[in-house]
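Heads up, the thing below is written out as structure tokens.
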Amino acid sequence: MKFLVHTYGCQMNVRDSEAVEAMLVAAGHEKVENEQDAELVIVNSCTVRQKAEEKAIGKAGNLIAAKKVTGLMGCAVKRLGADVFKKLPHLDFAVAPRSAGLIPRIVAEGRYPRLELGDDLIPEALAAHSASGFQAFVTVLLGCDNRCSYCIVPDVRGHEYSRPAAEVIAEVEALARRGVKEVCLLGQSVLRYGVRNPVWPDAKGEAFPRLLRALAKIDGIERIRFTSAHPKGCTDELVEVFRTEPKVCRHLHLPVQSGSDRILAEMGRHYTRAEYLAAIRKLRDFDPAFAITTDVIVGYPGETEEDFEATRSLMDEAGFDNSFIFKYSPRPGTRSALLVDDVSVEEKERRNQVLLADQQRRGLERNLRLVGTVREVLVEGPSKRNPERLGGRDGGNRIVVWDASDAPIGSKVSILVTDAHAQILVGEAKVLGGK
Ligand code: SAH
Ligand code: SF4
């Protein structure tokens with residue numbers, strides 16, 4: 001069958017979609033690029049905010065109207081349960097995140113409608129990859145047990161479970177053999193790797209830093225990234241890995257959510273503003289160019305102007321290289337959904353715009369400091385905006401573009417930064433080829 005997977009949401013969903021694609025191809029189906037050519041279309045949904053869920057459901061509705069065999073997978077399925085068929089009466093199948101491995105079987109049997117909400121992990125689904133390229137996502141920690149007040153993720157992605165280190169290492173070795181150079185390790189709170197369940201046969205050292213060190217030994221792997229982090233996990237051992245392992249990228253996505261201690265406590269984030277800033281300081285102390293990016297929520301219930309200003313000032317103090325700003329969206333069943341959503345839509349939008357403008361200015365300031373320095377860049381391909389240029393990312397996950405040279409995709413090049421924008425570094429190739 002000709003098929004296509006549409007993905008909404010985070011990198012975790014991107015990875016799950018890749019796994020489903022790989023499994024369907026292995027079962028003899030054909031992946032197509034164009035929706036018109038597809039007989040089967042699967043929508044991988046997000047539900048972290050209401051708008052995100054609506055987009056995925058809307059997309060599935062259109063596909064049903066276009067008479068495709070339509071499946072919905074991902075987080076919205078787990079949240080809605082059987083109600084998903086009330087929203088989409090002619091949907092063929094719906095599969096929760098941890099049941100994604102069942103999709104090839106469901107398609108083979110073709111008995112619709114079908115709903116799978118189970119938590120039965122299918123090992124093939126965890127390892128399956130469409131690792132055609134040089135970059136790959138690797139899930140190391142599933143689910144989340146943190147239960148931040150606003151967050152639906154623990155309800156839809158289940159309990160925290162860390163994959164055994166040996167399994168992760170074997171997967172990354174297999175990826176390296178297929179030409180993968182950069183891996184990104186995924187987990188909702190990935191520094192909790194090995195906290196809930198043991199992952200190493202003995203208890204030497206901290207589980208996650210130890211995993212990074214083991215992966216750095218694999219030949220062919222040149223870069224190791226991971227996301228998302230939490231200040232509690234920024235231990236001295238982790239800082240030491242960043243300092244001493246050149247393959248481990250000097251970038252941390254460290255969602256802060258708010259700069260107000262009162263709001264942080266209400267959210268159940270388990271750190272204060274001061275603790276958050278201290279975590280960053282340890283990293284920037286040994287490398288001022290260490291990239292820190294973040295997520296922020298504006299308009300949390302009861303967020304006053306003063307709380308908001310605290311977030312603004314924290315963002316300046318932290319000097320984020322990039323930030324993702326979200327307008328609070330109450331999610332049914334979470335603790336904060338019981339509170340009155342009292343910041344108006346207009347005010348949320350205003351706060352969002354203020355933080356975006358701040359970030360533009362701050363991003364430019366931080367990037368300008370890199371002009372005149374040489375960045376190591378992994379070549380990703382022609383730049384989206386200007387195909388005459390090549391683009392890639394440096395270790396800090398910054399987008400770098402330069403006038404096209406003959407550097408092959410997937411190779412590493414040294415780029416001298418000559419100009420900077422808020423979101424992009426511009427440069428020229430110094431040494432071609434590389435490893
Ligand atoms: N596990 C990650 C976050 C996953 S959700 C972490 O804790 O670091 C991605 C981002 O969506 C969150 O960091 C948060 O900023 C935002 N988010 C989550 N729930 C939200 C909600 N109810 N309303 C608005 N934004 C939300
Ligand atoms: Fe959600 Fe908090 Fe878990 Fe992140 S750590 S997924 S924000 S509950």
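Because the structure is a prediction, the values reported are computed rather than measured. Here, residue 1 is the first one in the sequence, and each next residue gets the next number. For ligands, and for the atoms within them, numbers begin at 1 and follow the listed sequence.
A salt bridge links Glu266 with Arg262: the distance from a Lys NZ or Arg NE/NH1/NH2 to an Asp or Glu carboxylate oxygen falls below 4.0 Å. The pair Glu309-Arg312 meets the salt-bridge criterion, since a charged nitrogen lies less than 4.0 angstrom from a carboxylate oxygen. We find that Glu347 and Arg351 are joined by a salt bridge, their nearest charged nitrogen and carboxylate oxygen being less than 4.0 Å apart. Salt-bridge check for Asp285 with Arg243: failed, with every basic side-chain N at 4.0 Å or more from each acidic carboxylate O. The residues Glu53 and Arg331 are annotated as salt-bridged, a charged nitrogen and a carboxylate oxygen being separated by less than 4.0 angstrom. Ion pairing of Arg147 with Asp155 is present here, as a side-chain N (NZ or NE/NH1/NH2) and a carboxylate O approach within less than 4.0 Å. Remark: Asp321 engages Arg284 in a salt bridge, criterion side-chain N to carboxylate O under 4.0 Å. Under a 4.0 Å N-O distance rule, the pair Asp236/Lys282 qualifies as a salt bridge.
Contact between Lys327 and ligand 1 is present, with at least one heavy atom of the residue lying under 4.0 Å from the ligand. In this structure, Met12 falls outside the shell of residues with a heavy atom less than 4.0 angstrom from ligand 1. No heavy atom of Arg157 sits closer than 4.0 Å to any atom of ligand 2.
Ligand-side atoms of ligand 1 in range of Val48: 5 (S), 18 (C), 19 (N), 20 (C), 21 (C), 22 (N), range being under 4.0 angstrom from any heavy atom. Listed by atom number, the atoms of ligand 1 under 4.0 Å from Ser228 heavy atoms are 2 (C), 8 (O). In the vicinity of Tyr328, heavy-atom distances shorter than 4.0 Å reach the ligand 1 atoms 23 (N), 24 (C). Close approach of ligand 2 to Pro154 (heavy-atom distance below 4.0 Å) involves ligand atoms 8 (S). Annotation for ligand 1: atoms under 4.0 Å from non-hydrogen atoms of Arg331 are 22 (N). For ligand 2 and Tyr150, the ligand atoms under 4.0 Å from any heavy atom of the residue are 7 (S). For ligand 2, the atoms lying closer than 4.0 Å to a non-hydrogen atom of Arg269 are 2 (Fe), 7 (S).
Counting protein heavy atoms only, atom 11 (O) of ligand 1 is closest to Arg49 NH1, 3.4 Å. Looking from atom 1 (Fe) of ligand 2 to the surrounding protein, the closest heavy atom is Cys151 SG, 2.2 Å. Nearest protein neighbour of atom 8 (O) of ligand 1, counting heavy atoms only, is Pro255 CG, 3.0 Å. Atom 8 (S) of ligand 2 has Cys148 N, 3.3 Å as its closest protein atom, hydrogens excluded (heavy atom only). For atom 13 (O) of ligand 1, the nearest non-hydrogen atom of the protein is Asp295 OD2, 2.7 Å. In this structure, atom 25 (N) of ligand 1 lies nearest to the protein heavy atom Phe326 CB, 3.5 Å. The nearest heavy-atom contact from the protein to atom 7 (O) of ligand 1 is Arg269 NH1, 3.6 Å. Taking atom 5 (S) of ligand 2 as the reference point, the nearest protein heavy-atom neighbour is Asn146 ND2, 3.3 Å. In terms of protein heavy-atom proximity, atom 26 (C) of ligand 1 is closest to Ile297 CD1, 3.7 Å. Given atom 23 (N) of ligand 1, the protein heavy atom at minimum distance is Ser329 N, 3.0 Å.
Around atom CG of Asp83, more than 12 heavy atoms belonging to other residues, nucleotides or ligands sit under 6.0 Å away.
At least one N or O atom of Gln188 sits closer than 3.5 Å to an N or O atom of ligand 1. When only interatomic distances are considered, the shortest N/O to N/O separation between Gln257 and ligand 1 falls below 3.5 Å. Residue Tyr150 has at least one N or O atom closer than 3.5 Å to an N or O atom of ligand 1.
At least one donor-acceptor pair closer than 3.5 Å links the side chain of Arg273 to the backbone N or O of Gly259. Here the side chain of Asp295 pairs no donor or acceptor atom with the backbone of Gln257 at under 3.5 angstrom.
Ring to ring, Phe242 and Phe286 are not that close: their centroids are 6.0 angstrom or more apart. You'll find the ring centres of Phe208 and Phe226 inside the 6.0 Å limit.
At a cut-off of 2.8 Å, Cys144 does not coordinate atom 1 (Fe) of ligand 2 through any N, O or S atom.
The aromatic rings of His253 and Phe324 sit perpendicular to each other, their planes meeting at more than 60°, with 30° as the lower class boundary.
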